[in-house]
Amino acid sequence: MNKIRFYLALYAAKGAQLAMKILGRNATFLPGKLAIKLCPHFLRYLNPPKTVVGVTGTNGKTTVSNLLTSILRKNGFSVTNNSLGSNVQAGVISALIEDTTWFNRPKKDIAILEVDERSSLLIYPDLPPHYLVCNNLMRDSNKRNAHTEFISYFIRTALPSTTHLVLNADDMVACTL
């Protein structure tokens with residue numbers, strides 16, 4: 001039953017992506033949101049690329065993920081990337097759906113995914129990254145990231161022990177991961 005829900009969600013999301021492209025819109029969030037609505041554990045069933053790299057931190061996620069993507073593409077690798085910065089669960093799913101076939105096979109070898117720190121708990125358990133780049137962890141706004149240890153707790157709790165960490169050595173909070 002779950003596989004049926006997954007494929008229904010995949011087809012609906014790919015259809016939504018196609019419709020948005022026809023309308024001249026960037027399909028960075030809506031297809032992923034639709035997939036989650038139809039199949040809450042969509043990421044669990046999606047076949048990811050061979051290598052998944054997460055990029056997180058308070059500042060610089062988009063820049064670092066786009067730089068990594070550019071370097072890898074110039075060196076001949078095929079890369080999936082959420083380059084427009086939709087870094088929450090629906091945005092990550094939308095980027096992966098874009099480069100997944102209708103039969104749930106990844107079209108690319110590597111995924112460089114910008115991931116919001118607070119979305120870690122929703123993404124990493126079902127899509128464990130092989131590598132995680134953490135730029136920095138600092139206070140962003142009182143309503144969102146007021147306590148840096150709280151944010152690092154989100155990431156630490158969600159990451160599997162097999163993930164290789166690439167941390168900013170100048171950031172004492174990021175180094176605690």
Side-chain angles (χ1 to χ4, degrees), residues 2-18 20-21 26-57 60-135 154-155 158-167 177:
N2 287 332
K3 281 287 194 180
I4 294 169
R5 283 183 81 167
F6 167 76
Y7 278 103
L8 175 68
L10 178 64
Y11 299 151
K14 286 185 98 36
Q17 269 184 337
L18 180 62
M20 290 186 75
K21 286 187 179 192
N26 292 323
T28 60
F29 184 82
L30 181 66
K33 186 69 175 171
L34 180 61
I36 295 166
K37 252 327 181 199
L38 296 173
C39 181
H41 296 288
F42 186 84
L43 268 177
R44 188 175 297 165
Y45 301 106
L46 187 70
N47 287 326
K50 292 176 194 163
T51 304
V52 176
V53 179
V55 178
T56 195
K61 294 181 291 285
T62 304
T63 302
V64 170
S65 64
N66 288 344
L67 282 169
L68 286 172
T69 299
S70 179
I71 290 167
L72 289 169
R73 284 182 179 156
K74 287 186 184 207
N75 284 286
F77 293 95
S78 60
V79 182
T80 295
N81 174 256
N82 52 343
S83 61
L84 296 176
S86 187
N87 58 15
V88 293
Q89 184 185 30
V92 167
I93 289 172
S94 291
L96 291 169
I97 288 171
E98 174 78 22
D99 289 325
T100 298
T101 68
W102 291 87
F103 301 105
N104 192 24
R105 291 189 190 97
K107 296 179 188 175
K108 307 288 175 99
D109 295 323
I110 302 172
I112 304 289
L113 300 170
E114 174 185 341
V115 178
D116 180 78
E117 316 87 278
R118 298 205 45 173
S119 295
S120 299
L121 289 171
L122 299 172
I123 297 170
Y124 298 147
D126 292 331
L127 181 71
H130 297 93
Y131 300 93
L132 179 72
V133 177
C134 184
N135 299 332
F154 275 138
I155 299 169
L159 276 178
S161 60
T162 56
T163 298
H164 300 282
L165 300 175
V166 180
L167 305 173
L177 293 175

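Residue numbers count from 1 along this sequence. Values reported hereafter were calculated over all heavy atoms of this structure, with side chains retained and with hydrogens, waters and symmetry mates removed. Fair warning: this is a prediction, and the values are worked out from it, not measured in the lab.
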Considering only heavy atoms from C-beta outward, does the side chain of [X] approach that of [Y] to under 4.5 Å?
X	Y	result
Glu98	Lys108	no
Asp109	Thr51	no
Phe42	Leu10	yes
Asn2	His41	no
Val53	Val166	no
Pro49	Ile110	no
Leu96	Leu43	yes

Looking only at heavy atoms, which two atoms of Trp102 and Tyr7 are closest? And how far apart? O-CE2, 4.1 Å
Going through the checks in order, is the side-chain contact (heavy atoms from CB on, under 4.5 Å) test met by Thr101 and Lys107? CA-CA 7 Å; Thr101 68; Lys107 296 179 188 175; 4.0 Å; yes
Backbone of [Y] reached by a side-chain donor or acceptor of [X] within 3.5 Å:
X	Y	value
Ser94	Ala90	yes
Asn104	Asn47	yes
Ser86	Thr28	yes
Asn135	Gly60	yes
His164	Tyr131	no
Ser119	Val115	no

Listed pairs under 3.5 Å, donor-acceptor, residues 120-128 side chains, sequence neighbours left out:
residue: Ser120; atom: OG; partner: Glu117; partner atom: O; Å: 2.8
residue: Asp126; atom: OD1; partner: Arg44; partner atom: NE; Å: 3.3

Please test Asn81 against Ser65 for side-chain contact (heavy atoms from CB on, under 4.5 Å), starting from the C-alpha separation and ending with a verdict. CA-CA 8 Å; Asn81 174 256; Ser65 64; 3.9 Å; yes
Got a sec: does the OH of Tyr11 have more than 12 other heavy atoms crowding it under 6.0 Å? yes
Heavy-atom count check: over 12 atoms from other residues, nucleotides or ligands less than 6.0 Å from Lys37 NZ? no
Measure the [atom1]-[atom2] distance between [X] and [Y] for me, rounded to the nearest 0.5 Å.
X	Y	atom1	atom2	value
Ile93	Ile36	CD1	CD1	3.5 Å
Leu159	Leu132	CG	CG	5.5 Å
Leu8	Lys3	CG	NZ	14.0 Å

Side chain to side chain contact (heavy atoms under 4.5 Å, CB included) partner of Val55, chosen from Leu113, Thr69, Thr62, Val133: Val133
Can you name the one residue among Asp116, Asn87, Asn82 that meets side chain to side chain contact (heavy atoms under 4.5 Å, CB included) with Val92? Asn82
